[in-house]
Amino acid sequence: MQNSFKDVACLPGNEKWKQANKREIELYGRNNDIRSEFERDYTRLLHSQAFRRMKHKTQVFFAPHNDHICTRMEHVLHVASVSTTIAKYLGLNEQLTNAIAIGHDIGHAPFGHHGEDCLNHLLEQKEGQNAPKKFWHERNSLFFADYIETLQDPNATEQPLNLTYGVRDGLICHCGEIDQHSVKPRNDAIDLYSIKRPGIIQPYTWEACVVKIADKISFLGRDLEDARAYHIIDMTAYRELREIVGSTLGFERKGAHALRSGKAVNTTVLINDLIVDLCEQSSPEKGLCFSDEYFKFIIELKKFSFSRIYKHWRLEEFAVYSENIIKTLFRTLQKTQPYAKTGRVFQALKIYPKLCSTFEDWLVKYTNYKPFIAEKHDYVNKKAILRYNTPVVFDVTDNDSFTKCIIEYISGMTDQFAIEVYEEIITF
């Protein structure tokens with residue numbers, strides 16, 4: 001129902017308002033700023049380099065040459081559109097919702113979830129197979145926002161994004177992969193780095209809960225359209241889709257034609273119907289939820305997408321290729337640690353000029369690396385001091401820290417850049 005969440009929105013007067021607006025370090029002010037704290041977070045994320053790189057990161061289909069196939073950036077914009085539409089109708093804080101949505105995937109690895117799994121497996125080799133997941137993009141989005149992404153302040157000094165608690169919480173708690181019939185926010189403002197696995201902790205605000213659900217609505221709709229464009233979905237699969245629609249929604253339901261045609265996937269109709277159903281069914285008492293019919297439809301559609309799209313042999317073949325790229329980069333960079341201790345990484349990587357220059361720049365900015373030739377940048381990470389009691393994020397003399405440094409460097413790459421530096425390594 002319209003405005004049914006107005007009394008629980010993250011707005012002045014709400015018991016969570018002060019905590020949601022809190023920053024770990026006070027952000028510089030402007031004498032002429034007309035934005036709210038959440039609007040400032042939105043623009044800080046929008047101007048970050050991690051956001052810019054998402055235009056060349058995989059959503060489902062790797063390094064697409066087709067300009068009309070969804071990339072990670074377009075997915076993020078879909079989530080922003082869906083979540084702000086829901087927030088506006090329900091009476092929630094659109095500014096907070098939009099800020100979370102625009103930044104929720106800034107920590108995603110190249111090559112989508114295949115890249116994410118590969119980076120996690122590389123860390124599991126050191127920690128043991130039964131260790132908690134070490135690399136997951138929701139946590140990495142928070143890590144990038146806190147320690148990697150920087151912007152210049154009015155004095156031209158690089159500073160971390162230093163986002164509000166409400167937005168930071170939304171970044172790490174946005175996992176839309178977990179199937180829940182009802183989503184409600186938690187009550188406690190916890191240390192966000194105490195969250196050890198994706199999807200197990202509910203967000204702190206209703207607005208972040210909206211983004212969590214909007215993430216699922218967005219990828220379910222668009223992935224079908226792209227799969228059709230690449231001829232991943234054939235007529236047999238479309239007959240299966242018809243059966244799913246008929247058994248869950250019934251063909252007589254308004255909008256059910258979005259998936260029953262064998263000629264096209266009407267993404268906009270599908271997304272609209274999911275949004276409308278969510279808005280009609282949800283309340284602060286029940287939580288954010290779909291009708292039983294639409295919830296069953298979502299479950300079946302996810303199963304279909306995994307079996308017919310994400311597990312398609314063409315994607316699995318490229319997954320092997322992308323895994324080889326990431327592992328090759330990882331092994332190559334691990335060999336540079338002795339050189340990093342003496343400030344001579346360029347000696348180890350000089351035959352790979354693009355990889356050499358970018359990795360050394362990364363070391364200069366985020367570690368205690370002291371280059372033999374160039375002067376160290378004048379940048380001190382205040383967030384690192386606050387949490388780690390040191391002005392650097394990674395220690396090149398510590399094996400585990402150096403490994404983490406490499407993982408984070410690779411995670412920031414676009415698909416295209418990862419392929420380019422991989423080809424530097426394997427080309428003679």
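Note that the structure is a prediction, hence the values are computed from the model and not measured.
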Does the side chain of [Y] come within less than 4.5 Å of [X]'s, by heavy atoms?
X	Y	answer
Y165	T205	no
I407	F330	yes
E225	R222	yes
N66	F61	no
I213	F290	yes
L349	L333	yes
D188	Y204	no
F359	V364	no

Do we see a donor-acceptor contact under 3.5 Å between the side chains of [X] and [Y]?
X	Y	result
S291	D277	yes
Y193	D146	yes
Y366	E408	no
S305	D223	no
T358	Y409	yes
H181	D292	yes
Q159	D153	yes

Measure across [X] and [Y] and return the closest heavy-atom pair with its distance rounded to 0.1 Å.
X	Y	answer
V76	A101	CG1-O, 3.3 Å
A9	N14	O-ND2, 2.8 Å
F38	A99	O-CB, 3.6 Å
D41	R23	OD1-NH1, 2.7 Å
L288	C209	CD1-CB, 3.6 Å
S48	E149	CB-OE1, 3.4 Å

Just by modelled atom types, is the [Y] backbone N or O under 3.5 Å from a matching donor or acceptor in the [X] side chain?
X	Y	result
S282	C279	no
E116	H137	yes
T164	N21	no
N93	L96	yes
H56	R53	no
E424	K354	yes
Y28	N155	no
T97	S83	no
T58	V60	no
N272	T268	no

**OP:** Test the K404-F143 pair against the cation-pi criterion, namely NZ or CZ under 6.0 angstrom from the six-membered ring centroid and within 45° of the ring axis.
**Re:**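 Judged by the rule (NZ or CZ under 6.0 Å from the ring centre, within 45° of its axis), K404 counts as positioned above F143.
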Should the heavy atoms of other residues, nucleotides or ligands under 6.0 Å from [atom1] of [X] be counted, would the total exceed 12?
X	atom1	value
K18	NZ	no
Y339	OH	no
R314	CZ	no
E26	CD	no

**OP:** Kindly indicate, with the supporting measurements, whether the criterion side chain to side chain contact (heavy atoms under 4.5 Å, CB included) is fulfilled by I172 and S141.
**Re:** CA-CA 7 Å; I172 194 172; S141 290; over 6 Å; no
Original post:
Step by step, would you call N324 with Y422 a side-chain hydrogen bond (donor to acceptor under 3.5 Å, both in side chains)?
Top reply: CA-CA 9 Å; N324 190 43; Y422 169 73; 2.8 Å; yes
Could you grab the distance from atom [atom1] of [X] to atom [atom2] of [Y], nearest 0.5 Å is fine?
X	Y	atom1	atom2	answer
D273	F297	CG	CZ	8.5 Å
R197	R139	CZ	CZ	13.0 Å
F135	N120	CZ	CG	8.5 Å
T414	R52	OG1	CZ	14.0 Å

Original post:
Could you go step by step and tell me if I419 and Y321 meet the side chain to side chain contact (heavy atoms under 4.5 Å, CB included) rule?
Top reply: CA-CA 10 Å; I419 292 170; Y321 172 58; 3.8 Å; yes
Original post:
T150 pairs by side-chain hydrogen bond (donor to acceptor under 3.5 Å, both in side chains) with which of R44, E158, Q49?
Top reply: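 Looking at R44, E158, Q49, the match for T150 under the side-chain hydrogen bond (donor to acceptor under 3.5 Å, both in side chains) is E158.
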Subject >> side chain to side chain contact (heavy atoms under 4.5 Å, CB included) evaluation trace for R168 with E24 >> reply: CA-CA 11 Å; R168 295 173 61 243; E24 290 188 325; 3.8 Å; yes
**OP:** Check the pair T336 / F346 against side chain to side chain contact (heavy atoms under 4.5 Å, CB included), numbers first and verdict last.
**Re:** CA-CA 9 Å; T336 68; F346 64 91; over 6 Å; no
Original post:
Does the ring centre of H75 sit less than 6.0 Å away from the ring centre of H108?
Top reply: no
Subject >> Test of ring centre spacing under 6.0 Å for H114 and F62 >> reply: yes
Original post:
Does the distance from a Lys or Arg side-chain N to an Asp or Glu carboxylate O, for E300 and R308, drop under 4.0 Å?
Top reply: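 No, E300 and R308 are not salt-bridged.
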Original post:
Is a salt bridge present between D415 and R72, judged by a nitrogen-to-oxygen distance below 4.0 Å?
Top reply: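 Looking at R72 together with D415, the answer is no, because their closest N to O distance does not fall below 4.0 Å.
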Original post:
Under the side-chain hydrogen bond (donor to acceptor under 3.5 Å, both in side chains) criterion, do N399 and Q337 qualify, and how do the steps go?
Top reply: CA-CA 8 Å; N399 292 340; Q337 187 177 12; 3.1 Å; yes
Original post:
Taking V167 as the fixed residue, which of L45, N98, L142 is the one that meets the side chain to side chain contact (heavy atoms under 4.5 Å, CB included) rule?
Top reply: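 One option only clears the test, and that one is L45.
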Subject >> Option among K16, Q202, K212, E207 that satisfies the side chain to side chain contact (heavy atoms under 4.5 Å, CB included) test with P185 >> reply: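 That would be K16; it is the only one of K16, Q202, K212, E207 passing the side chain to side chain contact (heavy atoms under 4.5 Å, CB included) with P185.
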Subject >> Evaluation steps, side-chain hydrogen bond (donor to acceptor under 3.5 Å, both in side chains), between S36 and Q95 >> reply: CA-CA 8 Å; S36 70; Q95 296 172 0; 2.6 Å; yes
